Undergrad: 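There's a structure below that I have some questions on.
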Amino acid sequence: LEFRRVLFRSIKKEKMKSLIILSSLFALSCSKMNKELTPEPTSNQTEIMNKENIYQFKVKDIEGNDFDFASLKGKKVMIVNTASECGLTPQFEQLQSLYSEFKNNNFVIIGFPTNDFMGQDPGSNQEIAAFCQKNYGVTFPMMEKIVVKGDDKNEVYKFLTEKSKNGLGDFDVQWNFQKFLINENGELERVFGPRILPNDTEIKNWIKGTNS
């Protein structure tokens, strides 16, 4: 009987340890969503020299028309993966507000709907377009729905998330509404977690080219 009690206490302790570890990992994951994502510095200059830019890509917009990223030369660009049924979906409002404020200052937002996170954008491209317009008055360019993670991820997101292509770093797309900032030369410059609002001061300062 005493042996069973000791065994029971031991198992209970191990379960508690596992719960604590899982809780810590979940908290760490959520905290990363609230931050600018910064890669580790690299000493491999070859990767930097061979980095690509966004202008090589052509995609389809949400209406099925061709969209050439080369048309954005000289502009700062925010690329964001969106979803219509996510807890972060209200960020569409801030995205539209940011676009309205800076669209005449060589800045554009490109939205890529994705159903990669818990099936939170299951609709067709037409349904997504109608949702964005009706609920948030979205006027910034929206592309067709794509895959942003895993083996089948779109070529644009391979560029955004792979250091060998972007020269900046490897990045996981953590959730809907992660923000990739592209400078006027088509180069990936900064990455912000999903919970950072589009109208965050750091993002606005980046658009304006100020540090304060």
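Index from 1, following the sequence. All heavy atoms count here, side chains included; hydrogens, waters and symmetry mates do not. All figures in this text were calculated on a predicted structure; none of them were measured in a lab.
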Undergrad: With side chains defined as the heavy atoms from C-beta onward, is the minimum distance between Phe112 and Thr82 less than 4.5 Å?
TA: no
Undergrad: Please report the interatomic distance CD(Glu52) to OG(Ser164), rounded to the nearest 0.5 Å.
TA: 7.5 Å
Undergrad: Can you name the nearest heavy-atom pair linking Glu127 to Ser124, along with the distance?
TA: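 Distance-wise, the nearest heavy atoms are OE1-N, 2.8 Å.
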Undergrad: Would you say Phe69 and Val156 make side-chain contact, with heavy atoms under 4.5 Å?
TA: yes
Undergrad: Indicate the atoms forming the closest heavy-atom contact of Leu197 with Gln94, along with that distance.
TA: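 Nearest pair, atom of Leu197 first, then Gln94: CD2-OE1, 4.1 Å.
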Undergrad: Report yes if the side chains of Cys86 and Phe117 come closer than 4.5 Å at any heavy-atom pair, otherwise no.
TA: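 Contact flag for Cys86/Phe117 side chains = no.
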Undergrad: Could you state the interatomic distance from CD1 (Ile54) to CD1 (Ile182), rounded to the nearest 0.5 Å?
TA: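 So the CD1 of Ile54 and the CD1 of Ile182 are separated by 5.0 Å.
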Undergrad: Evaluate the criterion side-chain contact (heavy atoms from CB on, under 4.5 Å) for residue pair Val148 and Lys153; output intermediate values, then yes/no.
TA: CA-CA 5 Å; Val148 301; Lys153 67 182 169 184; 5.5 Å; no
Undergrad: How far apart are the closest heavy atoms of Gln56 and Asn53, and which atoms are they?
TA: NE2-O, 3.0 Å
Undergrad: Side chains of Lys145 and Thr114: is there a donor and an acceptor less than 3.5 Å apart?
TA: no
Undergrad: If hydrophobic clusters are built from ILVMFWY residues whose side chains come within less than 4.5 Å, do Val173 and Leu88 share one?
TA: yes
Undergrad: Got Ile203 and Met78 here, is their nearest side-chain heavy-atom distance under 4.5 Å?
TA: yes
Undergrad: Do Leu188 and Leu160 have side-chain heavy atoms sitting under 4.5 Å apart?
TA: yes
Undergrad: Any salt bridge linking Glu202 with Arg190? Criterion: basic side-chain nitrogen under 4.0 Å from a carboxylate oxygen.
TA: yes
Undergrad: Phe92 vs Phe140, test: side-chain contact (heavy atoms from CB on, under 4.5 Å). Steps then yes/no.
TA: CA-CA 10 Å; Phe92 268 121; Phe140 56 84; 4.0 Å; yes
Undergrad: Under 3.5 Å, is there a donor on one side chain and an acceptor on the other for Ser84 and Asp121?
TA: yes
Undergrad: Going by atom types alone, do Gln178 and Asn81 pair a side-chain donor with an acceptor below 3.5 Å?
TA: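 Looking only at side-chain atoms, Asn81 and Gln178 do not form any donor-acceptor pair under 3.5 Å.
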Undergrad: Can you tell me if Glu93 uses its side chain to pair, donor with acceptor, with the backbone of Pro90 under 3.5 Å?
TA: no
Undergrad: Taking a hydrophobic cluster as the set of Ile, Leu, Val, Met, Phe, Trp and Tyr residues connected by side-chain heavy atoms closer than 4.5 Å, whether directly or through intermediates, do Leu37 and Trp175 fall within one such cluster?
TA: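 Both belong to a single hydrophobic cluster.
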Undergrad: Let me check something: any side-chain donor-acceptor pairs from residues 98-111 under 3.5 Å, sequence neighbours excluded? List them with distances.
TA:
residue	atom	partner	partner atom	Å
Ser100	OG	Gln96	O	3.0
Ser100	OG	Gln96	NE2	3.1
Glu101	OE1	Lys204	NZ	3.1

Undergrad: Please tell me if the side chains of Phe67 and Lys60 come closer than 4.5 Å, counting only heavy atoms from C-beta onward.
TA: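 Counting from C-beta outward, Phe67 and Lys60 never come under 4.5 Å.
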Undergrad: For the pair Asn205 (side chain) and Lys208 (backbone), establish whether a donor and an acceptor sit closer than 3.5 Å, ignoring hydrogens and angles.
TA: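 No; zero donor-acceptor contacts below 3.5 Å.
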Undergrad: Between the side chains of Lys149 and Gln174, does any donor sit under 3.5 Å from an acceptor?
TA: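 No donor-acceptor contact under 3.5 Å links the two side chains.
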Undergrad: When rounded to the nearest 0.5 angstrom, what distance separates NZ in Lys179 from CD1 in Ile79?
TA: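 The NZ atom of Lys179 sits 13.5 Å away from the CD1 atom of Ile79.
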Undergrad: Checking Asn185 side chain against Glu187 main chain: does a donor-acceptor pair fall under 3.5 Å?
TA: no
Undergrad: Counting only heavy atoms not in Asp172 (residues, nucleotides, ligands), do more than 12 fall under 6.0 Å from its CG?
TA: no
Undergrad: Please report whether the ring centroid of Tyr157 lies less than 6.0 Å from that of Phe159.
TA: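 Between Phe159 and Tyr157, the centre distance exceeds or equals 6.0 Å.
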Undergrad: Side chains of Phe131 and Glu85: does their closest heavy-atom pair fall under 4.5 Å?
TA: no
Undergrad: Please say yes or no: joined through hydrophobic side-chain contacts below 4.5 Å, possibly via intermediate residues, are Phe57 and Val147 part of one cluster?
TA: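 Result: no, two separate clusters.
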Undergrad: Measure the spacing between NZ of Lys165 and CG of Asp170 and express it to the nearest 0.5 Å.
TA: 11.5 Å
Undergrad: In Å and rounded to the nearest 0.5 Å, what is the NZ to CD1 distance from Lys75 to Ile207?
TA: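 Answer rounded to 0.5 Å: 13.0 Å.
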Undergrad: Does a sphere of radius 6.0 Å around CD in Glu189 hold more than 12 heavy atoms from other residues, nucleotides or ligands, not counting ones at 6.0 Å or beyond?
TA: yes
Undergrad: How close do Thr89 and Ala83 get, heavy atom to heavy atom, and via which atoms?
TA: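 Scanning both residues, the minimum pair turns out to be OG1-O, 2.8 Å.
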Undergrad: Strictly distance-based, threshold 3.5 Å: is any side-chain N or O of Ser97 a donor or acceptor partner for the main-chain N or O of Asn199?
TA: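 Judged by distance alone, no pair lies under 3.5 Å.
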Undergrad: Rounded at 0.5 Å granularity, tell me how far CG in Asp68 sits from CG in Asp61.
TA: 12.0 Å
Undergrad: Under 4.5 Å between any side-chain heavy atoms of Asn166 and Phe180, yes or no?
TA: no
